[in-house]
There are 2 protein chains.
Amino acid sequence: MNSAPLQHLSGDKADKAKVILDGALQVFTADGYAAASMGRIAAAAGVSKPTLYSYFQDKEGLFVALIQQLTHNLRYTILHLPLDLDPQEPPEQILRQMATSTLNEFSRNASLLTLMRLVIGESERFPDLSRTFVREIIKPMVERFSAFLATHACFGHSDPMVAARIFSGAIAHYLIMQHILHGDDILPLERDRMVNGLIEMMVSYP
Amino acid sequence: MNSAPLQHLSGDKADKAKVILDGALQVFTADGYAAASMGRIAAAAGVSKPTLYSYFQDKEGLFVALIQQLTHNLRYTILHLPLDLDPQEPPEQILRQMATSTLNEFSRNASLLTLMRLVIGESERFPDLSRTFVREIIKPMVERFSAFLATHACFGHSDPMVAARIFSGAIAHYLIMQHILHGDDILPLERDRMVNGLIEMMVSYP
DNA sequence: GTCTATATAGGGATAGAC
DNA sequence: GTCTATCCCTATATAGAC
């Protein structure tokens, strides 16, 4: 449970913890939790196994620390994503940019999709990690969409919270189908076509 | 690769294969692929390990056979689901029943959510299984929705295929958030409230 | 045909050297 | 503080008995 090194430490220690987490990311990403071995993580990080255990209590502690770090980073990325939007644009255009930015970021940064896959795949073994994911990532993202939809009358949803969940659900489902489940060839769908249809549906009275 | 017993066999053989698959379902469901052990599967099925290996080539073969069977069953369930709909109802009501039936079936039958979790979680190790899932489950489901939306002008979507993906994406995302990621307490949302918002959004000109 | 018993390998975790 | 070497356990897969 208690996997120490998130406070400030002397530079070398923090660096080595980061090196270990980078190795852990590679191996857990490729193999999943159970099939990953501490030996391969050590090799990927360029340290020995006892060093792993001096920084993290055990395999579970290392995995939890990694997922929490990825969740934290993703939260930061998501919440700071649409800062470059132009508030002068019509709301419909801003929503389009939100969808496009989100899809671009997830497609560009593979580790975000990796996190989704790991969290879903390990949701029975690590239910608290999945709850953290919902609380830190999904909830703020949906609430941001909901607030935006609620403050712009042109969307005219009687229930902006539900509209926001449909909006983010469509984006997440698209990413899972095309990129995680390798459905690109079986169920092809261009990103822009998807976004066009989504915006059209969000605007109630065109 | 070649894990034989899907053809017709003498009754006992087919029965024992089914018993083994039932045990495999329990263990793979609880532990995931890598952490599951053939010993526990044998125990859950009430047979010995060599019997497992006489019916399935190895652990991979058993897992692939299990997922393919679950996929097949789920396809059957999904495609025969809305047979009890009343074609006299207005299209909006039929769509509501489609959403409600799908949500009910997935909530009632836990093995369907289990399949989604396993397929997503093992999508890197077994990419072909995830493609099969998309081809056999997602594609026909989306195409059914799309055909329904296209043939009822009241929905008025310029791109029914995209509308169908948003529709099924919203449902899938709801199930993943509430049931797989245990987000019920963090992001509560009643089923009927979700369905109401979804139908409202699918109908273009209310 | 099915089970007991086992060969063989690999992983988690640690004791002790440097 | 980090590594080498090792302990102990569990897992996959199979040989041989019944």
Side-chain angles (χ1 to χ4, degrees), chain A residues 1-67 118 122 125-126, chain B residues 1-5 7-67 122 125-126:
Chain A
M1 288 288 164
N2 193 0
S3 38
L6 287 183
Q7 316 92 328
H8 266 75
L9 297 168
S10 65
D12 284 354
K13 274 210 171 176
D15 285 356
K16 191 155 280 187
K18 190 187 179 316
V19 166
I20 292 174
L21 286 169
D22 285 346
L25 172 62
Q26 292 179 239
V27 178
F28 281 131
T29 295
D31 298 346
Y33 173 76
S37 88
M38 295 295 263
R40 281 196 300 279
I41 292 173
V47 300
S48 67
K49 277 201 282 178
T51 304
L52 256 60
Y53 286 94
S54 74
Y55 283 83
F56 300 93
Q57 197 177 31
D58 53 15
K59 190 180 174 182
E60 280 197 22
L62 177 54
F63 185 73
V64 170
L66 173 68
I67 299 297
L118 286 177
E122 304 297 340
R125 192 191 309 265
F126 298 98
Chain B
M1 288 288 162
N2 194 359
S3 37
Q7 315 93 326
H8 265 78
L9 297 170
S10 65
D12 285 352
K13 274 212 172 177
D15 285 354
K16 190 154 282 187
K18 189 185 179 317
V19 166
I20 292 173
L21 286 170
D22 284 348
L25 172 63
Q26 292 179 238
V27 178
F28 281 130
T29 293
D31 298 346
Y33 174 76
S37 89
M38 295 295 264
R40 281 196 301 278
I41 292 173
V47 300
S48 68
K49 280 198 281 178
T51 305
L52 256 61
Y53 286 94
S54 75
Y55 283 83
F56 301 93
Q57 198 177 31
D58 53 17
K59 190 180 172 182
E60 280 198 22
L62 177 54
F63 185 73
V64 170
L66 173 68
I67 299 297
E122 305 298 341
R125 193 192 306 267
F126 298 97

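Residue numbering restarts at 1 for every chain, and letters A, B, ... go by the order of the sequence lines.
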Discussion item. What contact category does B:A36 fall into here, base, sugar-phosphate, or nothing, at under 4.0 angstrom with non-hydrogen atoms?
Written reply: sugar-phosphate
Discussion item. Using a 4.0 Å heavy-atom cut-off, does A:S48 contact any base of the nucleic acid, only the sugar-phosphate backbone, or nothing at all?
Written reply: base
Worksheet item: Could you give the CZ-to-C1' distance, from A:F63 to C:dG12, as a whole number of Å?
Response: 17 Å
Response to the item:
Of B:T51 and A:P50, the one whose nearest nucleotide on DNA chain C sits closer to the 5' end is B:T51
Worksheet, complete the sentence: B:R40 CZ to D:dT10 C1', in whole Å, measures 9 Å
Item to complete: Specify the separation, in whole Å, of atom OH of B:Y55 and atom P of D:dA13.
Response: 19 Å
Worksheet item: Rounded to whole angstroms, how far apart are CG on A:D31 and P on C:dG12?
Response: 11 Å
Discussion item. Without decimals, in angstroms, what is the distance between A:M38 CE and C:dG11 P?
Written reply: 12 Å
Worksheet item: Pick the nucleotide of DNA chain C nearest each of A:K49 and B:K49; which residue has the one closer to the 5' end?
Response: B:K49
Fill in: Criterion side chain to side chain contact (heavy atoms under 4.5 Å, CB included) on B:L62 and B:F28, from CA distance to verdict
CA-CA 10 Å; B:L62 177 54; B:F28 281 130; 4.2 Å; yes
Item to complete: Using atom NZ of B:K59 as one end and atom P of C:dG10 as the other, report the distance to the nearest whole Å.
Response: 15 Å
Worksheet, complete the sentence: Hits for ring pair (Phe, Tyr, Trp, His ring centres under 6.0 Å) against B:F126, two or more places apart or cross-chain, chain-then-number order -> B:Y33, B:F63
Worksheet item: Over how many whole Å does the gap from A:Y53 atom OH to D:dC7 atom C1' extend?
Response: 13 Å
Worksheet, complete the sentence: Here the distance between atom C1' of D:dA13 and atom CD of B:E60, to the nearest Å, is 14 Å
Response to the item:
Value for CE (A:M38) from NZ (A:K59), rounded to nearest 0.5 Å, stands at 8.0 Å
Worksheet item: What's the shortest heavy-atom distance between B:A45 and B:V19, and which atoms?
Response: O-CG1, 3.1 Å
Worksheet item: Where the side chain of A:K16 is defined as all heavy atoms beyond and including C-beta, which of D:dT2, C:dC3, C:dG12 is the nearest nucleotide?
Response: D:dT2
